[in-house]
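My structure is below; once you've seen it, I'll send some questions.
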Number of protein chains: 2
Amino acid sequence: MLSEEKYGLLENELPFLGLANNDMKQKIIQHGSLAKVPKGTVIFDEGSECNTLAVIITGKIRVYKLGESGKEITIYRIYEGESCILTISAILSNLTFPATAVAEEETEALILPADVFKELVNKDEAWRNYTFGLVNKRLANIITVVETVAFKRMDERIAEFLLKKSEAEPDGINITHQKIADELGTHREVISRILKEFEKLELIKLSRNRIEIINRNELLSKVKHIA
Amino acid sequence: MLSEEKYGLLENELPFLGLANNDMKQKIIQHGSLAKVPKGTVIFDEGSECNTLAVIITGKIRVYKLGESGKEITIYRIYEGESCILTISAILSNLTFPATAVAEEETEALILPADVFKELVNKDEAWRNYTFGLVNKRLANIITVVETVAFKRMDERIAEFLLKKSEAEPDGINITHQKIADELGTHREVISRILKEFEKLELIKLSRNRIEIINRNELLSKVKHIA
DNA sequence: CCGTGTCAGTGATAATGTTACAAAACTAAG
DNA sequence: CTTAGTTTTGTAACATTATCACTGACACGG
């Protein structure tokens with residue numbers, strides 16, 4: 001149960017809530033709740049039943065697949081204002097969650113019971129648009145993952161990863177090799193080896209927990225497969 | 001434009017059409033059409049704009065990604081009564097189609113303009129259920145593909161493929177190595193090599209365009225990763 | 001300063017990707 | 001029934017990635 005004021009505040013963070021019709025607003029106020037989970041919390045595990053849907057207000061969630069030997073691959077991330085289509089899919093078809101979801105930061109979310117969500121999708125166009133919008137984004141994500149894993153070489157993928165990361169951390173990326181491996185679905189050794197090569201080529205500079213890009217252009221050319 | 005009788009016939013093949021409300025039926029009759037495409041027709045190409053949605057009446061469509069050097073990987077197939085969520089996704093978000101779709105058999109389909117489909121999804125619960133049901137199936141498909149490509153060994157994947165194929169063709173699978181490679185996202189040589197090994201282990205018998213399974217149990221144990 | 005855990009480096013071997021070519025099996029035309 | 005052309009398969013050789021098994025480096029609390 002939320003308060004009217006809370007709902008008002010949420011509308012700032014989740015603009016599509018403002019588009020919902022009044023009946024639905026009341027539903028959300030009546031049956032919704034807020035939850036805050038600390039960094040590292042496993043939200044869903046492979047095979048979990050989904051009887052609630054979370055809409056992220058602040059924070060970030062990583063959804064990944066676990067392979068045998070502890071290998072992982074990230075499928076996508078859920079950011080503010082989004083929610084998890086795998087959960088939606090699981091709810092709407094009464095299946096279990098086919099992956100693992102973990103909070104990468106402290107994450108705050110609006111929690112809705114599954115049947116409330118079902119009703120929202122059926123009766124409220126704003127929610128439908130929201131839901132289909134998410135489906136689109138995720139599908140695109142996942143297709144990209146398939147393409148990448150199936151066709152691209154690891155050095156290219158690592159270069160791409162570093163360049164993307166460097167946008168958020170322009171003066172040095174703080175990350176372990178293991179994290180990169182989990183991201184890309186390979187082993188730490190492979191990452192270490194290729195990073196070492198990059199260092200020999202003077203594209204990057206390595207230290208513990210840290211990677212500095214020193215030749216951005218050359219790294220870019222790896223991605224574009226020119227070199 | 002369809003006739004009322006045609007619509008009646010379609011209801012047999014596409015049961016959910018019978019659940020649509022009357023307004024929507026009229027919409028479909030008015031704006032829908034039928035199309036038949038021969039085997040091998042490329043229906044969508046990477047980057048195609050989607051302004052119609054096809055619901056398959058008979059036939060089969062393969063949706064795959066093309067990599068550089070002509071490598072392919074199958075993402076999923078569309079069978080009778082289904083339609084393509086990538087098209088749906090492209091329509092609902094005004095994006096282009098992110099893969100290639102080709103008719104594997106002569107395929108007959110009900111064609112709906114994009115805006116009619118949008119309206120159907122918004123106004124008709126039967127269509128919404130149909131659409132979400134498809135989304136679920138495909139998501140599960142695609143996640144499985146990611147998992148498989150990222151974590152499984154090629155011999156296991158080939159064994160699995162052969163066993164699945166053998167259900168439809170119990171006394172010998174008729175297929176080329178290249179087709180298998182396109183299915184699994186690898187090169188023909190890799191398939192040939194591993195099939196040859198399987199033959200040496202007396203799991204299968206190879207001839208041109210043909211694979212016979214002669215030790216089903218051992219092949220199964222490859223899949224289950226016991227051996 | 002010393003353990004203990006986390007992180008990175010590296011060698012060895014197997015599996016898969018990639019390139020290149022040739023042999024074999026089929027097809028169709030003469 | 002041959003011959004030429006096409007499709008399918010075999011295989012060698014080398015590159016890249018996966019996998020296993022360590023060692024060494026660093027960080028932090030005691």
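Chain identifiers are assigned alphabetically (A, B, ...) following the order of the sequence lines, protein sequences preceding nucleic acid strands; residue numbering begins at 1 within each chain.
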Task: Given C:dG17, D:dT9, D:dT17, the nucleotide with the shortest approach to the side chain of B:Ser192 - done: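 For the B:Ser192 side chain, the nearest candidate turns out to be D:dT9.
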Task: Short side-chain to backbone donor-acceptor contact, A:Lys65 and A:Pro98, under 3.5 Å - done: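 Checking the backbone N and O of A:Pro98 against the side chain of A:Lys65, a donor-acceptor pair under 3.5 Å is found.
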TODO: Send over the distance from B:Arg193 CZ to D:dT9 C1', rounded to a whole Å.
DONE: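 Taking CZ of B:Arg193 and C1' of D:dT9, I get 14 Å after rounding.
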Open item on the list: Given C:dT16, D:dT19, C:dA20, identify the nucleotide with an atom nearest to the side chain of B:Arg153.
Closed with: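 Selected nucleotide: C:dT16.
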- [ ] Find the distance B:Arg210:CZ to D:dT9:P and express it as a whole number of Å.
- [x]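 Atom-to-atom, B:Arg210 to D:dT9, this comes out as 13 Å.
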Open item on the list: Between A:Lys196 and C:dT10, is there a contact of a side-chain N or O with OP1 or OP2 at under 4.0 Å?
Closed with: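 Checking A:Lys196 against C:dT10: no side-chain N or O falls below 4.0 Å of OP1 or OP2.
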Open item on the list: Check the phosphate of C:dT18 against B:Lys71, side-chain N and O only, distance under 4.0 Å to OP1 or OP2. Yes or no?
Closed with: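 For C:dT18, OP1 or OP2 has a side-chain N or O of B:Lys71 closer than 4.0 Å.
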Task: A:Ala150 or A:Gln178, whichever maps to the more 5' nucleotide of DNA chain C - done: A:Gln178
Task: Expected output: side-chain A:Tyr130 to main-chain A:Gly81 donor-acceptor under 3.5 Å - done: yes
Open item on the list: Whole angstroms only, please: what is the CD1-C1' distance between A:Ile158 and D:dT16?
Closed with: 12 Å
- [ ] Identify which nucleotide among C:dT10, D:dT19, D:dG10 has an atom closest to any side-chain atom of B:Leu206, counting heavy atoms from C-beta outward.
- [x] D:dG10
Open item on the list: If I take atom NZ in residue A:Lys179 and atom P in nucleotide C:dA8, what distance separates them, rounded to the nearest angstrom?
Closed with: 12 Å
Task: D:dT6 base / B:Arg208 side chain donor-acceptor hit below 3.5 Å - done: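 Answer no: no donor N or O sits under 3.5 Å from an acceptor.
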Task: Interatomic distance, B:Ile175 CD1 vs D:dT7 C1' [rounded to whole Å] - done: 15 Å
Task: Distance in angstrom units between B:Arg188 CZ and D:dT11 P, rounded - done: 11 Å
TODO: Can you figure out which of D:dT19, C:dG17, C:dC7 approaches the side chain of A:Asn209 most closely?
DONE: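 Between D:dT19, C:dG17, C:dC7, the one nearest the side chain of A:Asn209 would be C:dC7.
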Open item on the list: I need the CZ-P distance between B:Phe198 and D:dT9, as an integer number of Å.
Closed with: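 Answer to the nearest Å: 16 Å.
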Open item on the list: Given D:dA21, C:dG17, D:dA18, identify the nucleotide with an atom nearest to the side chain of A:Glu189.
Closed with: D:dA21
Task: Per B:His187 side chain, nearest of listed nucleotides C:dG17, D:dT19, C:dC7 - done: C:dG17
Open item on the list: Keeping A:Arg128 on the side-chain end and A:Val121 on the backbone end, is there a donor-acceptor pair under 3.5 Å?
Closed with: yes
Open item on the list: Just the rounded figure in Å: distance from P of C:dC7 to CG of A:Leu195.
Closed with: 15 Å
TODO: Check whether the side chains of B:Arg157 and B:Thr186 place a donor and an acceptor atom closer than 3.5 Å, and report yes or no.
DONE: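 No, no side-chain donor-acceptor pair sits under 3.5 Å.
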Open item on the list: Consider side chain to side chain contact (heavy atoms under 4.5 Å, CB included). Of B:Ile204, B:Asn174, B:Thr176, B:Ile158, which one does B:Ile211 pass it with?
Closed with: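 The side chain to side chain contact (heavy atoms under 4.5 Å, CB included) with B:Ile211 is passed solely by B:Ile204 among B:Ile204, B:Asn174, B:Thr176, B:Ile158.
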